[in-house]
Amino acid sequence: MTRRPKDHFFSTRIKSTIKHIPFGKVATYGQIASLVGNHRASRQVAWVLHSSSHKDGLPWHRVINRRGEIALEPGEGFEEQKRMLENEGIQFDSTGRINLGLYMWDPGNLIL
DNA sequence: AACCTGACTTCGG
DNA sequence: TCCGAAGCCAGGT
């Protein structure tokens, strides 16, 4: 997937990709960015989630940072996200991190 | 057009 | 492995 100079659908593709994350799996911001064609747009993924995760009914809780941690701050959604992930069978280690090697989504040959 | 904003990532120490 | 600084990018103002 190549990024066009004027890509009005960048955010739309990010949302579409996030919707593909399966139950019981997680994806990182950077991973989503790569899938939509720009591995350096991780901050944009965060922006999309921040601005429209609820409105578009995205499985926002399945997106975490590179270190396997929930990016939200306690009191800002952290607790809810952790609970939702645990409800999907995902476990956290003693330091609050998720084993990415075990739970990270493998999109295979995903076609958007 | 310039500047600000993020639920980030990478790099150097 | 932890921390802070720097890098990055598109959308919003």
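Chain letters run A, B, ... following the sequence lines, proteins first and then strands; every chain starts at 1.
- Checked by atom type and distance alone, the side chain of A:Ser52 pairs as donor or acceptor with a backbone atom of A:Val48 at under 3.5 Å.
- Considering only heavy atoms from C-beta on, A:Ile70 stays 4.5 Å or farther from A:Ile98 through its side chain.
- Put simply, the side chain of A:Ile64 reaches to within 4.5 Å of the side chain of A:Gln81, judged on heavy atoms.
- At least one side-chain nitrogen or oxygen of A:Ser11 sits closer than 4.0 Å to the OP1 or OP2 atom of C:dG11.
- Listed in residue order, the members of residues 83-104 of chain A having a heavy atom less than 4.0 Å from DNA chain B come to none.
- OP1 or OP2 of C:dA10 sits under 4.0 Å from a side-chain N or O of A:Asn38.
- Under the side-chain hydrogen bond (donor to acceptor under 3.5 Å, both in side chains) criterion, no residue pair touches residues 41-51 of chain A, with sequence neighbours excluded.
- Counting to the nearest Å, the P atom of C:dC8 and the CZ atom of A:Phe10 are 15 Å from each other.
- A:Asp93 pairs by the side chain to side chain donor-acceptor pair (under 3.5 Å) definition with A:Thr95, not counting sequence neighbours.
- Residues that satisfy the side chain to side chain donor-acceptor pair (under 3.5 Å) test with A:Lys82, not counting sequence neighbours, are absent from this structure.
- For the salt bridge (Lys or Arg N to Asp or Glu O under 4.0 Å) condition, the pairs that include at least one residue of residues 52-80 of chain A, sequence neighbours left out, are A:Lys15-A:Asp56, A:Arg62-A:Glu88, A:Arg67-A:Glu69.
- At a threshold of 4.5 Å between non-hydrogen side-chain atoms, the residues A:Leu49 and A:Tyr29 count as touching.
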key: Letter per nucleotide, 5' to 3', of nucleotides 5-12 of chain B [B base touched, S only sugar-phosphate touched, - untouched; heavy atoms, 4.0 Å]   = -BBBSS--

